[in-house]
Amino acid sequence: MAQTPQRGGGGNDRNRRDNRNAPAEGPDSDIVEKLVHINRVAATVKGGRRFSFAALMVVGDGKGRVGFGHGKAREVPEAIRKATEEAKKTMIRVPLRENRTLHHDGNGRWGAGKIMMRAAPPGTGVIAGGPMRAVLETLGVQDVVGKSTGSSNPYNMIRATFEALKVQSSPRQVASKRGKKVADLMGRRNDGASAPEAAPEAQEA
């Protein structure tokens with residue numbers, strides 16, 4: 001009779017452990033994590049070499065938020081965990097047009113790495129490779145054309161991509177900075193697009 005409460009208590013402890021290991025439902029439950037690069041680092045110490053691992057992670061919610069992080073540990077899972085936590089803390093918000101592409105073209109540079117991104121029409125897909133593709137997919141971009149030149153170092157490419165994303169601005173943001181309405185800016189864009197078309201017609205007349 002005295003052992004019955006102990007057996008029940010063990011079951012409750014097991015349930016608590018299962019609940020603790022279950023995936024949490026909250027703002028981080030929709031975040032997509034991608035491992036971009038992992039590197040083995042060796043430190044020479046007295047008595048030999050000490051190996052550790054460095055992980056580069058990219059996280060995003062697929063709805064305009066993305067971040068990257070770097071983690072280092074003696075084991076690969078721990079390095080990935082540290083990189084993921086840092087990436088979640090440094091997430092930025094990027095405005096997207098129609099929730100599928102960028103509002104305008106952008107260039108980014110970090111060190112010897114250079115990248116170029118262009119908005120694309122529907123159906124184009126994500127034409128980019130390597131670390132840049134991981135960033136754009138986790139961000140939620142569906143149509144974009146990207147090109148990287150210079151250094152192929154994943155850390156430089158990731159930082160160059162984020163430099164290009166940080167300068168992205170929507171028409172609403174530009175209108176608020178200038179103290180105007182979005183309709184005024186869009187009307188001016190349409191007028192500017194129609195001017196080159198009117199010039200050939202005038203020459204033909």
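Distance OG1/T149 to NZ/K114: 6.0 Å, rounded to 0.5 Å. Remark: K147 NZ to I115 CD1 distance equals 12.5 Å, nearest 0.5 Å. Atom-to-atom distance recorded for M157:CE and S152:OG is 7.5 Å, nearest 0.5 angstrom. Atom-to-atom distance recorded for L96:CG and H103:NE2 is 6.5 Å, nearest 0.5 angstrom. Note: L139 CG to K63 NZ = 13.0 Å, rounded to the nearest 0.5 Å. Here the CE-NE2 distance, from M57 to H70, works out to 12.5 Å after rounding to the nearest 0.5 Å.
Shown here is R109, whose CZ atom has no more than 12 heavy atoms of other residues, nucleotides or ligands within 6.0 Å. In this structure, K34 places its NZ atom where more than 12 heavy-atom neighbours from other residues, nucleotides or ligands lie under 6.0 Å away. No more than 12 heavy atoms of other residues, nucleotides or ligands shown are found within 6.0 angstrom of CZ on R118.
The shortest distance between side-chain heavy atoms of T124 and V144 does not fall below 4.5 Å. Using a 4.5 Å heavy-atom cutoff, the side chains of F162 and I92 are in contact. In this structure the side chain of P131 never reaches within 4.5 angstrom of the side chain of H37, judged on heavy atoms. With contacts defined as side-chain heavy-atom distances shorter than 4.5 Å, the pair L56/Y155 qualifies. In this structure, the side chains of M116 and D105 stay at 4.5 Å or more apart for every pair of heavy atoms. Side-chain atoms of F68 and V135, non-hydrogen and from C-beta on, never get closer than 4.5 Å to each other. Counting only heavy atoms from C-beta outward, the side chains of V59 and T138 never approach each other to under 4.5 Å. Between L136 and M117, some side-chain heavy-atom pair lies under the 4.5 Å cut-off.
Under 4.0 Å is where a charged nitrogen must lie from a carboxylate oxygen, and between K89 and E85 no such pair does. With respect to the salt-bridge test (charged N to carboxylate O, under 4.0 angstrom), the residues K88 and E33 qualify.
Of all heavy-atom pairs spanning A83 and G71, the tightest one is CB-N, 3.4 Å. Shown here for V41 and A54, the closest heavy-atom pair between the two residues is CG2-CB, 4.3 Å. Residue A79 comes nearest to A73 through the heavy atom pair N-CB, 3.6 Å, listed as atom of the first residue, atom of the second, then distance. Here the closest non-hydrogen pair linking A128 and R133 is O-NH1, 3.1 Å. Closest non-hydrogen pair, A164 versus G108, comes out as CB-N, 3.8 Å. Annotation for R74 and F51: closest pair NE-O, 3.3 Å, computed over non-hydrogen atoms.
Here salt bridge (Lys or Arg N to Asp or Glu O under 4.0 Å) pairs that include residues 37-53, with residues two or more places apart or in two chains, number zero.
Side-chain atoms of D30 do not come within 3.5 Å of backbone N or O of D61 as any donor-acceptor pair. Listed for the T101 side chain is no donor-acceptor partner under 3.5 Å among the backbone atoms of R97.
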With side chain to side chain contact (heavy atoms under 4.5 Å, CB included) as the criterion, how do H104 and S169 come out once you've worked through the C-alpha distance, each side chain's angles and the decisive distance to 0.1 Å? CA-CA 8 Å; H104 55 82; S169 58; 3.7 Å; yes
Test side chain to side chain contact (heavy atoms under 4.5 Å, CB included) applied to V58 and V32, step by step: CA-CA 8 Å; V58 173; V32 180; over 6 Å; no
Let me see the working for I80 and L35 under side chain to side chain contact (heavy atoms under 4.5 Å, CB included), right down to the final yes or no. CA-CA 8 Å; I80 294 177; L35 176 62; 4.2 Å; yes
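In terms of hydrophobic clustering, with Ile, Leu, Val, Met, Phe, Trp and Tyr side chains grouped at heavy-atom distances under 4.5 Å, V126 and V36 are assigned to a common cluster.
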